[in-house]
Amino acid sequence: MTTVVALPRIIQGGMGVAVSDWKLARAVSIAGQLGVISGTALDTVLVRRLQDGDVGGHMRRAMMHFPIAGVADEVLKRYFEPGGRNADQPYKLIPMYKQRVSVARQQLTMLANFVEIYLAKEGHTGPVGINLLAKVEMPNLASLYGAMLAGVDYVLMGAGIPREIPGVLDAFAEHRTATIRFDVVGLAAGESEVLSFDPLEHGMTDGTPLTRPRFLPIISASSLATTLARKANGRVDGFVVEGPTAGGHNAPPRGEPRFNDSGEPVYGERDEVDLAKMRDLGLPFWIAGGAGTPERLRDALAAGATGIQVGTLFAYCEESGFDPELKRDVMQHAARNEVIVLTDPRASPTGYPFKVVQWATDGNDRPARERKCDLGYLRAAYKRPDGRVDYRCPAEPVKDYVRKGGTLAETEGRKCLCNALLANIGLPQLRANGETEPALITSGDDLETISTFLAGRTSYAAADVIGYLLGE
Ligand SMILES: Cc1cc2nc3c(=O)[nH]c(=O)nc-3n(C[C@H](O)[C@H](O)[C@H](O)COP(=O)(O)O)c2cc1C
């Protein structure tokens, strides 16, 4: 007999890095909807929280439950500082991810994802999801397996074509090895590279199967949904249909690129998703991007959607991971209609348009940041002339990028999102010159009209967002 599990009306969209961490996802799940943690860069988040003394003890409480013996102890020994770092001490870094990394490095990523899902699920029975970016390829397998060890219920993945992920979830549910294609620039015709992860290498031999989470790709064209529904290597359980007003990364417009006077990409009719085609696929779907009003929820249901995915409204609630000072500052400006949300086609090293919030005290008048690449989540792999695989990011120091065969034009306007997104959540790296890494806040266009929702409030909880959307 199959059990029918009710699908959520509202998905709280995954927001990286750790804007949607366990606290937000847990609050949303307790309120009866789908809370989603962002799985991006959680290994760095974990080791920084530990270096800051693990206030509240949450990391350590969850780490104790990690099923692979010795891993948590090793990580604590290396990174935990009981009283927190000295104010003038930079964070210790972890080795950047590569095609092949040590067992210990994989285990750190598994542990970090396990911890976040464990905490998001603690003390209630609501479902919890994890969001990963297909483009941040290298840590994804270890992240997924770690999240599955903690019983993650949904996997949501955008920024790429995650055709092989259903098969990965099927394999990991049985602790089997998963191998997926690895994007490497400059491979010769017929040549291929792979990413592989073997649970047995980590001693997972007890054989008790894991729950196979539902898989929801995030797409911005019905054609991609059709491809995934028909050609993925396993079950796809539904889709999030995301439009270009959404916070975070957006899909680029189709056709010849055109830009408005502010340099933003211009979207047109061709970028609208054909909802009739979505309905024809017969799978549940959720509408995302400017969908955070009761009216838009009603429209979505009338169009045959199961519900909506919302990010921006949740990004500013009490439980979100944004640094409290930054959150307050942005909200105060937004309440007075003094924020601009710009779709920046250059900022993200991924090459996708990225939404950037601008406001009077956003720090953009600071001197330009000196380029440095020490987190490396957005590095892309390329084949060197000697045949070896190496890594480069267009936001790294220009001379390094060009030495690695990248073009100067590619580096223009690129921002180090890795360091900025950690600054957004209050974990900025401290540099030798005494400066801390600058923040770069992303939100959807809805931030410009958040004053309607705020109605004079200066703070609100995740449950308030849900109550508002459901018209309660
Ligand atoms: C601060 C922030 C960070 C985000 N980060 C991610 C991310 O890491 N991965 C992802 O798939 N979507 C990300 N998103 C998009 C959300 O998951 C969601 O789809 C989107 O915010 C919905 O549109 P809305 O902003 O109009 O509510 C982010 C959105 C925001 C506001």
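For ligands, and for the atoms within them, numbers begin at 1 and follow the listed sequence. We number each residue from 1, following the sequence as shown. Keep in mind it's a predicted model, so treat the numbers as computed, not measured.
Side-chain atoms of Arg48 and Thr44 include no donor-acceptor pair closer than 3.5 Å. Looking only at atom types and distance, the side chain of Tyr468 has no donor-acceptor partner in the side chain of Thr293 under 3.5 Å away. The closest side-chain donor-acceptor pair between Asn113 and Tyr145, if any, does not fall under 3.5 angstrom. A donor atom on one side chain and an acceptor atom on the other are found under 3.5 Å apart for Ser459 and Glu318. Side-chain polar atoms of Ser451 and Asn337 form a donor-acceptor pair below 3.5 angstrom.
Taking every non-hydrogen atom of Val310 and a distance limit under 4.0 Å, the qualifying atoms of ligand 1 come out as 27 (O). Near Ile218, with a cut-off below 4.0 Å to any heavy atom, the atoms of ligand 1 are 11 (O). Counting the atoms of ligand 1 from 1 in the order shown, those under 4.0 Å from a heavy atom of Gly289 are 22 (C), 23 (O), 26 (O). Numbered from 1 in the order shown, with element, the atoms of ligand 1 that lie under 4.0 Å from a heavy atom of Gly16 read 3 (C), 4 (C), 5 (N), 6 (C), 7 (C), 8 (O). Those atoms of ligand 1 that come under 4.0 Å of a heavy atom in Phe322, given as number and element, are 1 (C).
Within 6.0 Å of CZ in Arg431 there are more than 12 heavy atoms belonging to other residues, nucleotides or ligands.
Below 30°, between 30° and 60°, or above 60°: for Phe114 and Phe66 the angle between ring planes is above 60°, a perpendicular geometry.
Under a 4.0 Å heavy-atom criterion, Phe314 is not in contact with ligand 1. Contact between Gly292 and ligand 1 is absent, with no heavy atom of the residue lying under 4.0 Å from the ligand. Residue-ligand proximity: Gly158 is placed with every non-hydrogen atom at 4.0 Å or more from ligand 1.
When only interatomic distances are considered, the shortest N/O to N/O separation between Asp446 and ligand 1 does not fall below 3.5 Å. For ligand 1, the polar-atom distance check finds no N/O of Met15 at less than 3.5 Å from any of the ligand's N/O atoms.
Looking only at heavy atoms of the protein, atom 26 (O) of ligand 1 is closest to Gly290 N, 2.7 Å. Distance from atom 18 (C) of ligand 1 to its nearest protein heavy atom, with residue and atom name: Gln309 NE2, 3.5 Å. The protein heavy atom nearest to atom 24 (P) of ligand 1 is Thr312 OG1, 3.6 Å. Closest to atom 11 (O) of ligand 1, if we only count protein heavy atoms, is Asn131 ND2, 2.9 Å. Counting protein heavy atoms only, atom 1 (C) of ligand 1 is closest to Thr442 O, 3.3 Å. Nearest to atom 27 (O) of ligand 1 among the protein's heavy atoms is Gly311 N, 2.8 Å. With respect to atom 15 (C) of ligand 1, the closest heavy atom belonging to the protein is Gly247 O, 3.3 Å. Scanning all protein heavy atoms for the shortest distance to atom 14 (N) of ligand 1 gives Gly14 O, 3.4 Å.
In Asp445, neither the side chain nor the backbone holds a heavy atom less than 4.0 Å from any atom of ligand 1. Heavy atoms of Leu133 found under 4.0 angstrom from ligand 1 belong exclusively to the side chain. Contacts with ligand 1 closer than 4.0 Å are made by no heavy atom of Met157, backbone or side chain.
One distance of note links CG of Leu34 with CZ of Arg9; it measures 14.0 Å at 0.5 Å rounding.
For Trp22, the ring-ring contact (aromatic ring centres under 6.0 Å, His included) partners two or more places apart in sequence, or in a different chain, are His58. Residues meeting the salt bridge (Lys or Arg N to Asp or Glu O under 4.0 Å) test with Asp299, sequence neighbours left out: none.
The salt bridge (charged side-chain N to carboxylate O under 4.0 Å, His left out) test with Glu116 singles out one residue from Arg49, Lys121, Lys23, and that residue is Arg49.
For the pair Val240/Phe285, no side-chain contact is recorded, criterion being any heavy-atom separation below 4.5 Å from C-beta on.
Arg392 forms a cation-pi arrangement with Tyr382, by the criterion of a distance under 6.0 Å to the ring centre and an angle within 45° of the ring axis.
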